[in-house]
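Notes follow the structure.
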Amino acid sequence: MNAAWRWSRENLFSSPLNTALTVLSVALLGYMVPPLLDWALFSADFRGNTREACEGEGACWVFVRVHLPQFIYGFYPEELRWRVNLAFLLLPLWAAPLFWRRMSRKGWWLASLLLLYPLCAWTLFRGGVAGLAPVPTSDWGGLFLTLVIAGVGMAAALPLGVLLALGRRSRMPITRAICTVFIEFWRGVPLITVLFMASVMLPLFLPQGVNLDKLLRALIGVALFAGAYMAEVIRGGLQGVDRGQYEAAEALGLGYWRQMGLIILPQALRLVIPGIVNSFIALFKDTTLVLIIGLFDLLGIVQAAATDPRWLGSATEGYVFAGLLFWVFCYGMSLYSRRLERRPGAGR
Amino acid sequence: MARRHTPFGAAPRTPRWRDPRTRALVFQVVLLGAVALGIGWIVNNTLSNLARQGIASGLGFWGEDAGFGIIMSLIEYSEAASYGRAFLVGLLNTLLVSALGILLATLLGLVIGIARLSPNWLLRRLAAAYIETFRNIPLLLAIFFWYFAVLRSLPHPRHSIDLFGLAYLSNRGVYLPQPVLGGGPGWLIAGLILGVLAVLALHRWTRRRRNAGRPLPVYPLWLGIAFILPPAVLLAAGGLSWSLPALRGFNFQGGMGLIPEFVALLLALSIYTAAFVAEIVRAGIESVARGQQEAASALGLNRRQSLRLVVLPQAMRVIVPPLTNQYLNLTKNSSLAAAIAYPDLVSVFAGTVLNQTGQAVEVISITMAVYLTISLLIALAMNLYNRRTEWGVRR
């Protein structure tokens with residue numbers, strides 16, 4: 001009791017100003033939290049199957065419950081959804097050894113994760129080979145599509161970013177100029193215009209008869225955009241590596257690629273892990289923009305369901321649910337990056 | 001490094017293909033060739049595709065009649081106006097929402113960033129909750145939330161929410177009192193210029209006096225400018241009256257009407273960006289070494305002086321570059337307006353105009369060029385400011 005009293009004296013009421021701020025904060029909380037809880041929980045409806053089942057003043061979570069499978073899988077055929085589940089189960093299993101500290105040859109494992117896993121997952125999702133029924137990408141949607149776009153974007157952005165960052169710091173003037181222009185171009189325009197470009201202009205760029213899938217076009221746009229951002233993060237890491245390391249690498253007589261691959265890049269990447277995770281978070285949030293070119297990611301599906309006349313007035317519940325899901329993913333990633341930052345010896 | 005020395009005799013000539021300089025040259029030529037070939041291939045494909053599909057190319061569409069309405073324009077616009085005019089309307093709307101968004105986000109972000117460092121535990125937690133909530137939710141979701149879940153579900157104008165008879169909230173938008181000047185806007189502009197000149201003159205004067213060792217009481221002077229000049233100008237401009245919105249028939253008349261699309265976009269942009277600005281402000285203030293503040297108090301500066309003269313100038317160096325990025329992001333993010341049909345550049349130009357003319361290449365290129373220009377201009381302005389602060393500290 002005494003300790004609690006002392007703590008609040010120090011932390012809440014240390015000065016007149018502080019006391020006023022505390023009172024204000026409490027008032028704000030009191031004004032916002034009880035109605036919010038009442039809406040979301042106490043007066044909310046959970047049971048039933050139609051809009052009419054919701055009579056209370058609170059949230060109508062029935063909307064979310066009924067649409068949940070759609071929110072997660074989009075229009076993916078119900079009997080084939082195990083393929084999506086399998087692919088997503090495979091990912092943590094494949095990635096697990098990376099978190100095992102005593103594992104050697106992590107680089108190769110990471111490479112297999114970045115190159116082989118997407119291929120496997122794509123085959124599972126798309127079907128059409130090995131007796132798997134094909135599912136056109138236009139049926140993909142929901143959280144599943146969000147994860148696919150974000151995942152492909154991240155997997156493509158990392159190597160692209162490394163190459164661009166190396167190019168921008170290269171001693172060769174032409175290489176440097178090309179990479180700089182490329183990076184600054186993609187970073188200077190909004191993602192939405194990149195997506196417009198991918199969906200409207202890309203077909204014009206390709207020879208007659210070549211038809212790229214709409215999802216694939218969006219993925220190309222997202223990858224190029226994310227790659228340019230990643231390049232700047234990695235450039236920061238390359239600049240952060242001690243000069244002596246570059247000189248030592250050169251003194252060892254290693255060629256350029258070995259210098260970079262064996263000595264500089266591992267240190268540079270470790271330096272900017274938080275920055276990389278932050279760009280992943282940004283990318284994850286940005287995937288929502290594909291709904292503007294007509295792909296139904298999580299937000300797109302929620303948006304479509306909320307405009308269904310049978311469920312009029314359910315928009316708030318839908319957005320709150322989607323927001324919660326996005327929040328969990330993004331906050332999880334940011335917690336992870338913060339833990340990495342605090343880990344002893346991180347970046348050294 | 002073209003040659004290696006060996007202990008015996010002359011160094012053997014490195015074969016030309018192993019010479020790093022040759023390699024660099026070859027690599028660059030190949031890269032340049034590949035890029036040029038790629039661009040050529042794309043241009044060639046595009047030209048033949050355009051020819052085959054019978055799409056006109058060039059900027060001939062610029063002067064044609066647009067033939068569509070725009071729900072909000074800062075300049076005169078009608079359906080008979082040209083595509084060029086529609087482009088201008090969209091651009092101005094983008095600039096308006098970006099500028100206001102930057103202003104609001106900076107103010108809100110500053111307050112929350114400082115609250116995040118407050119000695120008050122509760123306030124600190126509230127600020128942290130704000131930051132973590134809004135930073136981790138997609139902006140588009142926030143825009144949809146404000147637009148569809150909040151502003152669109154407000155009552156009809158007839159039953160609108162009345163804020164003390166001054167402002168009204170309804171699903172048609174937000175109606176605020178509008179200031180009306182008795183005289184023309186000329187007086188206001190003259191007053192503004194006068195104010196800027198007065199501030200500049202005062203700044204020079206106080207600095208000269210300070211350098212001469214006879215500092216002026218600065219605060220009374222500033223207060224004089226702030227509290228005497230604006231009313232004087234307003235009086236000269238013929239007095240100020242307010243036009244209040246009032247319900248007549250089916251909608252409000254008078255006052256300043258803000259369409260829900262604009263309000264939703266502005267709210268979402270500033271609330272979202274403020275979370276990032278707050279983190280930047282906090283990181284900036286925290287980056288100033290503790291010793292600096294201790295040294296300042298050892299010199300006998302009080303809290304406010306040490307903050308203004310020691311901590312903030314150093315924090316600004318850390319704050320300005322990422323803040324620039326946030327301003328750029330906000331401007332680019334304003335393009336999400338297209339999702340709720342706020343008539344910004346992307347929505348009007350890359351949306352409606354593109355659909356009507358079908359000239360994707362020109363329209364998308366122009367849109368991208370505009371954003372690139374805005375980005376470069378903001379970056380330039382902030383770099384100039386950045387250099388100034390850096391220089392000021394080094395001096």
Side-chain angles (χ1 to χ4, degrees), chain A residues 7-8 10-12 14-15 18 21-22 24-26 28-29 171-175 178 184-185 187-194 196-197 200-201 203-208 256 281 284-289 291-292 299 303 306-307 313 315-316 318-320 322-323 326-331 334, chain B residues 20 24-25 27-29 31-32 35 41-42 44-46 48-50 52-53 55 115 118-123 125-126 132-133 135-142 144-145 148-150 152-153 328 331-336 338-339 346 350-351 354 360-361 364 367-368 371-376:
Chain A
W7 179 88
S8 60
E10 271 169 23
N11 290 292
L12 300 176
S14 60
S15 68
N18 245 332
L21 287 174
T22 304
L24 252 165
S25 306
V26 170
L28 188 68
L29 282 175
R171 264 176 244 156
M172 298 180 268
I174 296 176
T175 315
I178 289 175
E184 292 305 330
F185 173 75
R187 274 163 41 92
V189 297
L191 177 57
I192 172 169
T193 60
V194 173
F196 266 120
M197 189 173 110
V200 183
M201 275 161 86
L204 288 176
F205 289 164
L206 298 170
Q208 192 187 355
Y256 177 80
I281 295 175
F284 191 79
K285 287 186 295 176
D286 279 346
T287 53
T288 49
L289 299 196
L291 95 87
I292 287 166
L299 183 57
Q303 166 83 345
T307 45
T316 313
Y319 295 136
V320 167
F326 275 106
W327 190 86
V328 166
F329 273 94
C330 295
Y331 190 65
S334 82
Chain B
L25 197 69
F27 178 77
Q28 294 192 76
V29 168
L31 186 69
L32 198 63
V35 170
W41 183 70
I42 286 175
N44 184 31
N45 284 336
T46 311
S48 70
N49 280 330
L50 288 179
R52 198 161 33 78
Q53 296 174 10
I55 301 175
S118 159
N120 188 317
W121 181 85
L122 198 58
L123 194 64
R125 293 283 125 186
L126 272 178
E132 292 300 351
T133 308
R135 215 167 50 145
N136 288 317
I137 289 176
L139 177 60
L140 191 59
L141 183 67
F144 279 157
F145 180 81
F148 288 109
V150 178
R152 280 273 134 172
S153 60
L328 282 177
T331 309
K332 284 192 287 167
N333 282 337
S334 72
S335 62
L336 299 192
V346 170
L354 188 143
V361 178
I364 299 272
T367 311
M368 287 186 148
Y371 279 102
L372 270 178
T373 315
I374 295 175
S375 296
L376 290 177

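First the proteins, then the strands, lettered A, B, ... as listed; each starts at 1.
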So which residue, B:N120, B:T46, B:L139, B:L376, ends up with the most heavy-atom pairs under 4.5 Å with chain A? B:N120
With chain A, which of B:L336, B:L328, B:I137 has the greatest number of heavy-atom pairs at distances under 4.5 Å? B:I137
Should B:L141 and A:T288 count as side-chain neighbours, where that means a heavy-atom distance under 4.5 Å? no
Flag side-chain contact, heavy atom, 4.5 Å: B:F144 against A:L291: yes
Which atoms of [X] come close to chain B, meaning under 4.5 Å heavy atom to heavy atom: side chain ones, backbone ones, both, or neither?
X	result
A:Q303	side chain
A:V26	both
A:I281	side chain
A:P173	both
A:Y256	neither
A:I292	side chain
A:I178	side chain

Side chain from CB out, backbone as N, CA, C, O: work out which of these in [X] comes under 4.5 Å of a heavy atom of chain A, or both, or neither.
X	answer
B:A360	both
B:T373	neither
B:R125	neither
B:T367	side chain
B:L126	side chain
B:V361	both

For the interface with chain B, which of [options] has the highest count of heavy-atom pairs at distances below 4.5 Å?
options	result
A:L28, A:L21, A:T287	A:L21
A:C330, A:P190, A:S8	A:P190
A:V200, A:L24, A:V320, A:T193	A:T193
A:P203, A:S334, A:A315, A:S25	A:S25

Using 0.5 Å steps for rounding, measure from the [atom1] atom of [X] to the [atom2] atom of [Y].
X	Y	atom1	atom2	value
B:L32	A:T175	CG	OG1	9.0 Å
B:N333	A:L191	CG	CG	9.5 Å
B:L140	A:K285	CG	NZ	12.0 Å
A:L204	B:N45	CG	CG	9.5 Å
B:K332	A:I192	NZ	CD1	12.5 Å
A:I174	B:L31	CD1	CG	8.5 Å

Would you say that more than 12 heavy atoms from the other residues, nucleotides or ligands in this model lie under 6.0 Å from the CZ of B:R52, or not? yes
Between A:L206 and B:W41 the two heavy atoms that sit nearest each other are CD2-CH2, 3.9 Å
